[in-house]
2 protein chains.
Amino acid sequence: ILEVVDLRKSYFLGDTEIPILKGISFDVYDGEFISIVGPSGSGKSTLMNLLGCLDRPTSGKIYIRNKDVSSMNDNELSNLRGLEIGFIFQKFNLIPRMNALENVMLPTYANKRKGVDAKEKAISLLKKVGLEDRMHHKPNELSGGQSQRVAIARALINEPSIILADEPTGNLDTKTGDEVMELFQMLNKNKTTIIMITHNNSLAKKTNRIIRILDGKIDVEN
Amino acid sequence: ILEVVDLRKSYFLGDTEIPILKGISFDVYDGEFISIVGPSGSGKSTLMNLLGCLDRPTSGKIYIRNKDVSSMNDNELSNLRGLEIGFIFQKFNLIPRMNALENVMLPTYANKRKGVDAKEKAISLLKKVGLEDRMHHKPNELSGGQSQRVAIARALINEPSIILADEPTGNLDTKTGDEVMELFQMLNKNKTTIIMITHNNSLAKKTNRIIRILDGKIDVEN
Ligand SMILES: Nc1ncnc2c1ncn2[C@@H]1O[C@H](COP(=O)(O)OP(=O)(O)OP(=O)(O)O)[C@@H](O)[C@H]1O
Ligand SMILES: Nc1ncnc2c1ncn2[C@@H]1O[C@H](COP(=O)(O)OP(=O)(O)OP(=O)(O)O)[C@@H](O)[C@H]1O
Ligand SMILES: [Mg+2]
Ligand SMILES: [Mg+2]
């Protein structure tokens, strides 16, 4: 479902080039649940942003369902980001002036699955992540782990076929983190492809495959 | 060094009272390294903000070195927050327009240890957390775990006698997290009292004592 070919990404501070991804290639098959692991600063979030079409590579190719992402038109990209891919950000990226329910419903304004009642679905997702009694709290009225769970619910509202989760349990206790993992495993059973960055080795071991990033390159694929 | 007596904290949304801390009492002795654990949303960060004098309790008392925090004057509070206590926030709270080095030096502008060269100490701390080559990056040019490490270095610059660390390793891989833990253990050997909120049970086990918060109350102290 996803093919990455010799992906490279550098940042440029002034005219200094800082290479972050130095030639990454791998495939992800439909319905897989894979983990991306590696040291802090190794390039995992950078890779995720490219897969989610939120950023462009310096060079290299990304194919989603055999279509070259760099040759997609605006409509196709908007459909991809809004409906096909659900993105859970490492820093959550919640809207401060909206409450949890409004934040979860936000992706449905631009793109909506036919026949899905956005508000009902949002409430059901917030219940699933244990936030039933925090629905009307704004982000600054939520704990770190509660904000993280709002970000998770928001990524799922349009029933995406691909979930990109950047460290989705970093602020959660073990029990709550396991509940999120169970939710992911249930979605994966229903054919959702999941790519999860995690620092939690015990969670990574529960996935189909682990891709290790080391200093901007793939270290081990097993 | 720290005494908490029947601490209560509620938030008020409109005129609905939401009790968060429901009567917490415990002591922390000079030079201890204690962990605070508990489910997401149980009140740990709320408790930490009260200990760090960044917020006021609804009722109850906090004594630091036998002095009632609520009866301190502005000078004493400023000295406490600026020099005695080092706070590592769950959300980092870095200044976006300043780079890592400037962020780490920030606490020295209002309060400074005599005879400490702020810039030298900041550089040394950034090296200790592995950010030697990221000193001039701003927060949006840093990875999640790198930002977390800048927040750690910043909390240490004034050589506080009490460190309050709210989930300091949530965005770090195991190896980098262990390095941060070693830094804490070294400071603790040198008589620094450390109170650390963590979701990582293996790190909590390395500390002197674990205080578990459950639904706003102390569950187990062992
Ligand atoms: N300003 C606020 N108004 C209303 N409720 C709030 C406010 N701030 C926090 N809360 C609530 O207080 C409770 C405790 O929050 P706190 O941040 O202390 O939890 P925590 O134990 O640190 O959780 P986590 O492990 O997820 O970081 C949460 O249920 C949260 O929704
Ligand atoms: N805008 C930018 N300009 C310069 N360097 C950047 C920028 N954004 C990120 N970086 C650098 O890119 C590298 C990789 O960042 P990335 O966020 O992908 O790491 P990561 O593997 O997700 O780390 P973590 O586990 O800490 O979240 C880091 O060394 C970071 O300093
Ligand atoms: Mg990251
Ligand atoms: Mg917290």
Side-chain angles (χ1 to χ4, degrees), chain A residues 11-14 16 18 20 36-49 89-92 94 99 129-131 133-134 136-150 166-167 169-177 179-180 197-202 204 212-214, chain B residues 11-14 16 18 20 36-49 89-92 94 99 129-131 133-134 136-150 166-167 169-177 179-180 197-202 204 212-214:
Chain A
Y11 288 110
F12 295 87
L13 291 189
T16 316
I18 306 176
I20 309 296
I36 298 180
V37 302
S40 170
S42 54
K44 308 179 296 296
S45 297
T46 301
L47 172 60
M48 203 76 128
N49 286 340
F89 295 91
Q90 187 170 4
K91 289 184 182 142
F92 317 156
L94 301 181
N99 66 28
V129 294
L131 293 181
D133 57 353
R134 287 291 183 268
H136 304 292
H137 285 230
K138 299 202 184 66
N140 69 339
E141 295 161 345
L142 293 172
S143 78
Q146 289 168 343
S147 300
Q148 186 153 41
R149 285 178 273 161
V150 174
D166 196 344
E167 301 193 26
T169 64
N171 284 280
L172 302 176
D173 54 283
T174 311
K175 176 160 177 291
T176 312
E179 287 166 17
V180 164
I197 296 173
T198 184
H199 282 312
N200 187 325
N201 288 320
S202 68
R212 179 173 304 277
I213 309 288
L214 199 59
Chain B
Y11 288 110
F12 294 86
L13 292 188
T16 317
I18 307 176
I20 309 294
I36 297 181
V37 302
S40 170
S42 53
K44 308 178 297 296
S45 296
T46 302
L47 172 60
M48 203 75 127
N49 285 339
F89 295 92
Q90 187 169 5
K91 291 186 181 141
F92 316 156
L94 300 182
N99 66 28
V129 294
L131 294 181
D133 56 354
R134 289 290 182 265
H136 304 291
H137 286 228
K138 298 200 184 65
N140 68 339
E141 297 163 342
L142 292 172
S143 79
Q146 289 167 343
S147 302
Q148 187 154 41
R149 285 179 272 160
V150 174
D166 195 343
E167 299 188 27
T169 65
N171 285 279
L172 303 177
D173 54 284
T174 311
K175 176 161 177 289
T176 312
E179 287 165 17
V180 165
I197 296 173
T198 184
H199 282 311
N200 187 323
N201 289 319
S202 68
R212 177 173 306 277
I213 309 289
L214 198 59

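Just so it is clear, the values below take in all heavy atoms, side chains as well, and ignore hydrogens, waters and symmetry mates. Proteins get letters first, then strands, A, B, ... in listed order; numbering begins at 1 in each.
- The contact between A/L13 and chain B is made entirely by side chain atoms (from C-beta outward), counting heavy-atom distances below 4.5 Å.
- Residues of residues 38-46 of chain A that come closer than 4.5 Å to chain B, counting heavy atoms only, are A/G38, A/P39, A/S40, A/G41, ordered by residue number.
- Only the side chain of A/S147 comes within contact range of chain B, judged by heavy atoms closer than 4.5 Å.
- Annotation: maximal heavy-atom pairing with chain A below 4.5 Å, among B/I18, B/T198, B/T176, B/N171, occurs at B/N171.
- A/D166 does not touch chain B: none of its heavy atoms, backbone or side chain, sits under 4.5 Å away.
- Only the side chain of A/K91 comes within contact range of chain B, judged by heavy atoms closer than 4.5 Å.
- Residue A/E141 touches chain B through its side chain alone, counting heavy-atom pairs closer than 4.5 Å.
- Neither the backbone nor the side chain of B/N200 comes within less than 4.5 Å of any heavy atom of chain A.
- Across B/Q90, B/H136, B/R134, B/Q148, the residue that shares the most heavy-atom pairs under 4.5 angstrom with chain A is B/Q90.
- Proximity to chain B (any heavy atom under 4.5 Å) is shown, for A/Q146, by both the backbone and the side chain.
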